Amino acid sequence: MSDQFKPKSDFLATIMARGYVHQCSDFSGLDEKAAKGELIAYIGFDCTASSLHVGSLLPIMLLRWLQKTGNKPVPLMGGGTTRVGDPSGRDESRQLLTIEKIDENKAGIRQVFSKFLTFGEGKTDAFMSDNAEWLTKLNYIDFLRDVGRHFSVNRMLSMDSVKMRLERDQELSFIEFNYMCLQAYDFVELNKRYGVIAQMGGSDQWGNIVTGIDLGRRMGTPQLYALTSPLLTTASGAKMGKTAAGAIWLNEDMLPVYDYWQFWRNCEDGDVGRFLKLFTELPLDEIARLEALGGAEINEAKKVLATEATAMVHGRDKAQAAAETARKTFEEGVLAESLPTVGMAASEFDAGMGVLTAFVKAGLVASTGEARRQIKGGGLRINDEPVTDERASLSRTQLTSEGVIKLSLGKKKHVLIRPE
RNA sequence: GGGGGAGUGUCCCGAGCGGCAAAGGGGGCGGACUGUAAAUCCGCUGGCUAUGCCUUCGUAGGUUCGAGUCCUACCUCCCCCA
């Protein structure tokens with residue numbers, strides 16, 4: 001990154017100050033376009049799941065800033081590339097998704113974008129594209145002749161991503177080897193169709209993006225640009241967005257708002273400042289103030305982070321409700337009725353519900369065996385009282401005045417049981 | 001096509017004289033300490049109607065009182081030669 005470079009455009013100034021930028025093929029060139037509001041940039045997204053998780057949040061924020069600073073964002077659905085299965089990552093044959101499933105996923109992902117970007121026909125309105133549009137129509141021979149001849153295998157072999165795999169003797173399938181060609185072709189196609197001139201993405205995409213720029217030059221596009229953001233890890237080095245409980249999804253039907261809020265609330269101290277800059281739109285001086293908080297006070301900053309980041313995806317009302325639920329639960333030790341609730345038929349409840357089964361039904365543990373172990377370890381509580389007898393049953397006498405029983409696993413996970 | 005090697009607890013890596021629910025890590029979960037953090041320490045990390053029963057070591061058979069372990073065939077992956 002060039003330290004002496006002073007951006008003229010709001011776009012670059014903002015994203016540089018907030019830490020989104022890792023590498024750029026031509027800062028001043030891109031800056032000029034952005035300053036004139038002529039920057040149309042895209043980022044590609046897989047359609048392998050029906051929602052995106054926080055790992056994709058950073059690129060989404062990039063698109064959002066692009067739009068906010070007067071330029072045009074183009075999210076690209078990998079509708080075509082997903083059809084051959086995502087070969088990256090080492091886990092072998094990932095199931096090939098059916099076309100219907102891919103369409104379903106696309107719809108889910110579209111929902112996410114609608115929360116971050118304004119779509120429409122206007123100059124800075126976002127436009128959703130899908131590489132299925134051109135990739136599925138490709139003819140192999142034509143592709144080889146028109147596009148394939150521009151790729152040098154020698155150069156592809158020298159790319160870091162490929163070189164590493166070869167050196168480590170790791171499998172590199174033909175499809176995967178071709179991925180960069182398809183991605184490069186996407187870039188050119190997006191330019192021809194919609195005037196896209198820049199591709200953004202994670203720093204691991206650098207090689208693929210630059211390959212696209214090259215291909216463009218050979219195929220007669222105007223000058224194209226690459227901009228990458230740093231790969232996100234937590235302060236202790238873990239990958240963002242995956243926990244044992246599952247990925248941190250952005251769609252509410254995949255992950256309750258309360259859990260999403262908790263994810264941010266529980267981030268590591270060392271991440272707060274960085275995350276505030278990347279995942280909220282608070283002014284930088286406000287962030288600097290929050291970041292300066294030390295010791296236990298940093299929890300205030302984490303709450304702000306959680307609420308702001310949640311508001312971005314789920315809306316401010318739901319974010320504040322989640323914050324309030326957390327406040328009651330953790331700070332007042334009061335029962336918050338908005339905790340996740342599991343309904344249960346009264347007849348089933350009255351028939352005698354063993355504690356083990358109850359915790360399984362609540363989804364806090366995976367099996368009665370795990371429930372037993374957690375009881376031994378002191379990890380299960382009913383209405384905040386530790387469970388000691390695994391043979392005990394729930395009964396109506398345990399219902400609180402709100403008509404629920406609160407089950408907890410550890411200190412952070414709570415579920416309400418409501419017989420009805 | 002010929003020769004050699006490997007597939008283990010459904011998160012991953014990885015030991016395993018015929019007595020095995022199977023060593024050890026990592027990760028994860030719980031507990032203690034804190035601040036709903038990190039670091040550290042401790043416990044747990046196949047299922048069930050549970051002093052017992054059932055299912056797990058690539059797949060299918062076989063030998064045996066008993067098979068992750070021995071035999072046969074098959075599948076998959078890797079290496080060397082062609």
Side-chain angles (χ1 to χ4, degrees), chain A residues 87 89-95 165-174 233-248 258-276 290-307 309-310 322-334 336 339-340 351-382 384-393 407-415:
Chain A
R90 310 193 37 210
D91 30 357
E92 75 283 352
S93 63
R94 191 176 289 182
Q95 276 182 338
R165 300 283 281 274
L166 294 179
E167 274 165 12
R168 289 190 203 156
D169 256 352
Q170 278 172 6
E171 170 74 8
L172 177 67
S173 74
F174 186 64
T233 51
T234 67
S236 49
K239 261 198 195 144
M240 275 282 292
K242 292 231 176 129
T243 69
I248 304 300
Y258 174 75
D259 290 340
Y260 189 77
W261 192 94
Q262 283 296 325
F263 168 76
W264 295 104
R265 171 65 243 266
N266 285 314
C267 80
E268 296 174 27
D269 286 9
D271 289 328
V272 179
R274 206 158 43 109
F275 286 1
L276 279 166
L290 290 167
E291 211 176 350
L293 296 174
E297 285 200 318
I298 199 164
N299 285 321
E300 293 311 311
K302 289 188 189 182
K303 286 181 217 165
V304 172
L305 168 66
T307 302
T310 305
E324 179 58 14
T325 302
R327 196 184 61 77
K328 278 188 186 159
T329 307
F330 289 99
E331 290 174 29
E332 286 181 18
V334 172
L339 284 171
M353 166 79 45
V355 284
L356 301 177
T357 342
F359 275 94
V360 174
K361 281 209 183 257
L364 288 170
V365 294
S367 66
T368 57
E370 189 188 339
R372 275 175 230 275
R373 281 183 237 118
Q374 289 294 3
I375 288 174
K376 275 195 202 115
L380 297 189
R381 276 167 300 137
I382 295 176
D384 300 318
E385 292 296 321
V387 179
T388 50
D389 179 10
E390 60 183 41
R391 277 175 226 254
S393 288
L407 304 184
S408 312
L409 165 66
K411 292 189 181 115
K412 297 185 192 174
K413 291 173 207 129
H414 311 281
V415 169

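Because only heavy atoms are used, hydrogens play no part in the values below, and waters and symmetry mates are left out as well, while side chains stay in. No experiment lies behind these values; they were computed from the predicted model shown.
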Counting just side-chain N and O atoms, does [X] come under 4.0 Å of either OP1 or OP2 of [N]?
X        : N     : answer
A:Ser367 : B:C48 : yes
A:Lys376 : B:U45 : no
A:Lys412 : B:A37 : yes

Which sits closer to the 5' end of RNA chain B, A:Gly410 or A:Asn299, going by the nucleotide each is nearest to? A:Gly410
By nearest-nucleotide position on RNA chain B, the 5'-leaning member of A:Thr368 and A:Tyr258 is A:Tyr258
What's [X] touching, base or sugar-phosphate or nothing? Going by heavy atoms closer than 4.0 Å.
X        : result
A:Arg372 : base
A:Glu297 : nothing
A:Arg373 : sugar-phosphate
A:Leu409 : sugar-phosphate

Starting from P on B:C29, measure out to CD on A:Glu370 and report it in whole angstrom. 11 Å
Taking only Lys NZ, Arg NE, NH1 and NH2, and the carboxylate oxygens of Asp or Glu, determine whether A:Glu370 and A:Arg373 approach each other closer than 4.0 Å. no
One should read off an interatomic distance between A:Glu332 CD and A:Arg327 CZ, to the nearest 0.5 angstrom, of 4.5 Å
Tell me which nucleotide among B:C29, B:A32, B:U36 gets nearest to the side chain of A:Trp261. B:U36
Please find the pair of heavy atoms, one from A:Thr368 and one from A:Val360, that lie closest to each other, and give the distance. N-CG2, 3.6 Å
